Enquirer: 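Here it is, the structure, as structure tokens.
All values below were derived from every heavy atom in this structure, side-chain atoms included, with hydrogens, water molecules and symmetry-related copies excluded. Everything numeric here is computed off the predicted structure, so don't read it as measured data.
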Amino acid sequence: MISSTRYQLNLQVAQQSKLAEAIARGQSEIASGKRILAPSDDPTAAATVADIGRTQADQAVWTRNIDTASALAATADTALGDVATGMNRAKELMLSAASGTTSDADRATIATELRSIAQDIQSQRTALDSRGEPLFRANGALEIPVGPGVQVAPVAARDQIFDSPVDLVATINAAADAAVNTDPTARSAAITSSLGTLDSGIQQVANAQADQGVRENRLSTLKDQLASAGEQLAEQRSNLEDVDVTAVVSQLQSQQLNLQAAQAIFAKVNQTSLFDLIK
């Protein structure tokens, strides 16, 4: 009799312990928002979630790289805009210098401004980015990884923009020299030549601006694609590991009621049995 009673007690205690463990599990799932609290809960899903996590970590790096590249591209775009403004102003000044009514003093003033423009463009040519690195690199464009096997150059190389085929700084300094040439015939020829070279330089800068726009658009597209892929991964991961809070709360409430009822019945039914065991 005592053995049978003890068995029944142990069985009821085990059932209540199981309910208590299920309740604790449900509370942990609600607190974490995850249904997979350990790999053993669902080995296949846990392995897939781990793979997704590694891909998401890689994507976080690529996103930061794209942000860095985009910042460099935007800075270069602004710099090229300033260079274009300087080149156009240089042409305006040379057209004034070509006029037969322009005095020697005016041409001297024009030359001074031209040399100032050349200095400004040289400053842009050797400008540093926010990291203290050359914005326009002398030894080939900087390439930044933005995906598996994918690299982008956010800014073209220095010589492609400033030196080839027209050396912008040298062209403007040559224009300044032409403007103050004291021989009228030689000055006229030099100014005409400078205007032609300036036109080539202006077109060179315009081409660089168009190229820079293409680079910025590509970075924007890559960022959008990466964001879209990230959303898909996040949804896939959520489907695998996130808990259905509403369902778990409902189940938890049911389990708590069952436990409370079991405990009440246990206490009532086993009063006599417990007394018998300790007699």
Enquirer: Might you work through the side-chain contact (heavy atoms from CB on, under 4.5 Å) test for I110 and S96, ending with a clear yes or no?
Expert: CA-CA 8 Å; I110 287 172; S96 295; 3.9 Å; yes
Enquirer: I need the E113 CD to E92 CD distance, nearest 0.5 Å.
Expert: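 Rounded to the nearest 0.5 Å, the CD-CD separation comes to 9.0 Å.
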Enquirer: Run the salt-bridge test on D67 and K223 with the 4.0 Å N-O cut-off and return the result as yes or no.
Expert: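 Result for this pair is yes, salt bridge flagged.
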Enquirer: Can you name the closest pair of heavy atoms from A156 and F136 and give their distance?
Expert: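 Result for this residue pair: O-CD2, 4.1 Å.
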Enquirer: Begin with the C-alpha distance, continue with both residues' side-chain angles, and end with the deciding distance and a verdict on side-chain contact (heavy atoms from CB on, under 4.5 Å) for T48 and Q236.
Expert: CA-CA 9 Å; T48 303; Q236 183 181 358; 4.2 Å; yes
Enquirer: So, D58 versus T55: side-chain donor-acceptor pair below 3.5 Å or not?
Expert: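 No, T55 and D58 have no side-chain donor paired with an acceptor closer than 3.5 Å.
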Enquirer: Looking only at side-chain N and O atoms, does D199 offer a donor or acceptor that is under 3.5 Å from a partner on Q203?
Expert: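 No donor-acceptor contact under 3.5 Å links the two side chains.
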Enquirer: More than 12 foreign heavy atoms under 6.0 Å from CD of E235: is that the case here?
Expert: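 Atom CD in E235 is not crowded, with 12 or fewer foreign heavy atoms closer than 6.0 Å.
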Enquirer: Counting C-beta onward and ignoring hydrogens, is there a side-chain heavy-atom pair between I144 and P154 closer than 4.5 Å?
Expert: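 Heavy-atom side-chain distance check passes, below 4.5 Å.
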Enquirer: May I ask you to check whether over 12 heavy atoms, not counting those of N139, lie within 6.0 Å of atom CG?
Expert: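 Counting neighbours around CG of N139, 12 or fewer heavy atoms of other residues, nucleotides or ligands fall under 6.0 Å, so no.
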Enquirer: Which is it for R237 and L233 under the side-chain contact (heavy atoms from CB on, under 4.5 Å) test, yes or no, and what are the steps along the way?
Expert: CA-CA 6 Å; R237 181 170 183 169; L233 282 174; over 6 Å; no
Enquirer: Test M87 against every option in I117, L198, D82 by the side-chain contact (heavy atoms from CB on, under 4.5 Å) rule and name the one that passes.
Expert: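 With M87 as partner, I117, L198, D82 yield a single side-chain contact (heavy atoms from CB on, under 4.5 Å), made by L198.
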Enquirer: Answer yes or no: is there a side-chain heavy-atom contact under 4.5 Å between D224 and S228?
Expert: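 In short, these two side chains do not touch, never coming nearer than 4.5 Å.
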Enquirer: Go through L72 and L142 one step at a time and tell me if the side-chain contact (heavy atoms from CB on, under 4.5 Å) criterion holds.
Expert: CA-CA 10 Å; L72 292 173; L142 172 68; 4.1 Å; yes
Enquirer: May I ask you to test the V205-I161 pair for a side-chain heavy-atom distance under 4.5 Å?
Expert: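 A side-chain contact is absent here, since even the closest heavy-atom pair is not under 4.5 Å.
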Enquirer: Please round to the nearest 0.5 Å and tell me the distance separating atom CD of Q204 and atom OG1 of T171.
Expert: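 So the CD of Q204 and the OG1 of T171 are separated by 8.0 Å.
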Enquirer: Any carboxylate oxygen within less than 4.0 angstrom of a Lys/Arg side-chain nitrogen, looking at R125 and D167?
Expert: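 No, this pair does not count.
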